[in-house]
Amino acid sequence: MQQSPVQSIKGTRDFYPELFQTREWLVSKIKKVSEAFGYQPYEGPYLEKLELYAAKSGDELVKEQAFCFEDRGGEFISLRPELTPTLARMVAQKQRQLAFPLRWYQFGPFWRYERPQRGRSREFFQWNIDLLGVNSAAADAEMICICAAFFESVGLTPDTTKIQINHRGLMDGELNRIGIVPEQKKDVFRLIDRRGKMNEAAWCKYAVDLGLATAQIEGIADLLMNSDLWKSSDDLARINEAVKAAGYEAYVEFTPTIIRGLDYYTGTVFEAMDIRGGRALLGGGHYDNLVGDVGGEQLPGVGFAMGDVMISVVLEDYGLLPDYEGLSDTVMVTIFDETTQTASLALASMLRSQGIKASLYPETEKLVKQFKYADRMGMAVALVLGPDEIANNTIAVKDLRSRNQVEVPAAKIIETVNKFLA
RNA sequence: GUGGCUGUAGCUCAAUGGCAGAGCACUGCACUGUGGAUGCAGUUGUUGUGGGUUCAAGUCCCAUCAGCCACCCCA
């Protein structure tokens, strides 16, 4: 195979028109759902100082998984790996001027230096949506309804897609009851997170390795088996009611093993799963204080993020992605020969001035070639303006799908084309 | 960071260690004013890259790069 002189960067994707249409379709669904709930679009910079992320995680994670570089002034800059710190900064900077509850959403690119595999790339897009400034179960429920409304709008049904919900506060209390001390909490949350990902023996060994007593391990295991546990949480009970009232209860499943890795979640946490494939589609939760680290005043909120890669994989697996439409809304204005070229050019220009998308063949070529091109581009209508038509002051309009062709007076062309495109 | 699989024409893929092929696509013609079908003809290669074994390597061995998949991780 002939090697391209320059290879694309590992983990990036080339969006050829067909694939780009899929992305645009996804964006349109996201936009529609977000705005249906009264959320405003916003965007932050793609570059941030590395310290913005280091402040929060401080981990090796930032250094290992961030795409970072030193700029000419010696500053360490990172391509953003997530949006939350940026959002926190943007909100803290204008906290007094913003109107709360604040409802913002965003869709844009992010970068993480990971090993690419199915459903994961190094450059990806993410839908981020947050509701800030309120501390209520109703806010959490709204966020879950947004997830469900999105799944519904793309054709993912409750048969295959579930939003699994749990509550950090609830779990915290339960762990206290079985004698887990605060210093163990982080490890135990991690243990809970692994419950579904390991077999029983491996999970128990992991638990023992963490230094937990047998009684504690059994207590945790019992907790995770208790599918009614959520009923003892006021927040979860209220969320359940709200989701039911909105008609989305079929999507929701209260699941004790959902805990999320992020430290800043304090209340409700949730993940949406493709049940059949066992694939996580999005994740989010409730936090008490988004802007604390960046100098703002106490600000609670709830939000989630969804990557474009896995959702696209799942939608494709279920055959839910739209067919490629090409230029179906564009009219091909053919050029008969050099003597009629200006007439075709004028026609195309006139169509455009009336809001009709018109494509001219960029050189004089045989009609066969121009029709073939129109066909390849997926156009639905072609116009022919040859010597005969010009002599009669008419234009031939051909419907490329039905193969019907009519010759209409030039004055009626707009009306006819609009009818053919409809 | 660890492991597995795969790299052959534009695409999808064949080829027991023995002349590198097929289908699709593309170009032309049948069809000098009209696309999807059909027929005929034609074009298409540093077999990812670099070494090695062999009379002979797409095929076997080593290395390397890339892609996919699973782990790890997932802000």
Show me the side-chain donor-acceptor pairs of residues 162-170 of chain A shorter than 3.5 Å, one per line, residues at least two apart or across chains.
from     : atom 1 : to       : atom 2 : distance (Å)
A:Lys162 : NZ     : A:Pro158 : O      : 3.2
A:Lys162 : NZ     : A:Ala250 : O      : 2.8
A:Gln164 : NE2    : A:Glu253 : OE1    : 3.3
A:Asn166 : ND2    : A:Pro256 : O      : 2.9
A:Asn166 : ND2    : A:Ile258 : O      : 2.9
A:His167 : ND1    : A:Gly169 : N      : 3.0
A:His167 : ND1    : A:Leu170 : N      : 3.2
A:His167 : NE2    : A:Asp235 : OD2    : 2.9
A:Arg168 : NE     : A:Ile259 : O      : 3.0
A:Arg168 : NH1    : A:Leu262 : O      : 3.4
A:Arg168 : NH1    : A:Tyr265 : O      : 3.0
A:Arg168 : NH2    : A:Ile259 : O      : 3.0
A:Arg168 : NH2    : A:Arg260 : O      : 2.7
A:Arg168 : NH2    : A:Leu262 : O      : 2.8

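With C1' as the reference atom, B:U59 and B:C19 are 16 Å apart, rounded to whole Å.
In this structure, A:Arg401 reaches the bases: a heavy-atom distance under 4.0 Å links it to at least one base atom across the strands shown. Among the protein residues, A:Glu389 comes within range of the nucleic acid bases, having at least one heavy atom under 4.0 Å from a base atom. Counting any heavy atom pair closer than 4.0 Å across all strands shown, A:Phe336 reaches a base atom.
Checked by atom type, the side-chain pair A:Tyr39/A:Glu142 shows a donor-acceptor distance below 3.5 Å.
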Taking Watson-Crick (N1-N3 plus N6-O4 or O6-N4) and G-U wobble (N1-O2, O6-N3), each under 3.5 Å, can you produce the dot-bracket string of RNA chain B? Use [ ] for crossing pairs and | for inter-strand ones. (((((((..((((....[..)))).(((((.......))))).....(((((..]....))))))))))))....

For a quick check, with a 4.0 angstrom heavy-atom cut-off, what is the B/S/- contact string for nucleotides 23-32 of chain B, read 5' to 3'? ---S--S---

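Not a single donor-acceptor contact under 3.5 angstrom links the side-chain atoms of A:Arg115 to the base of B:C73.
The cationic atom of A:Arg194 (NZ for Lys, CZ for Arg) does not lie both less than 6.0 Å from the six-membered ring centre of A:Trp203 and within 45° of the ring axis.
Residue A:Gln117 places none of its side-chain N or O atoms closer than 4.0 Å to OP1 or OP2 of B:C69. For the OP1/OP2 pair of B:C74 and a distance below 4.0 Å, the side-chain nitrogens and oxygens of A:Arg190 include at least one atom meeting the criterion.
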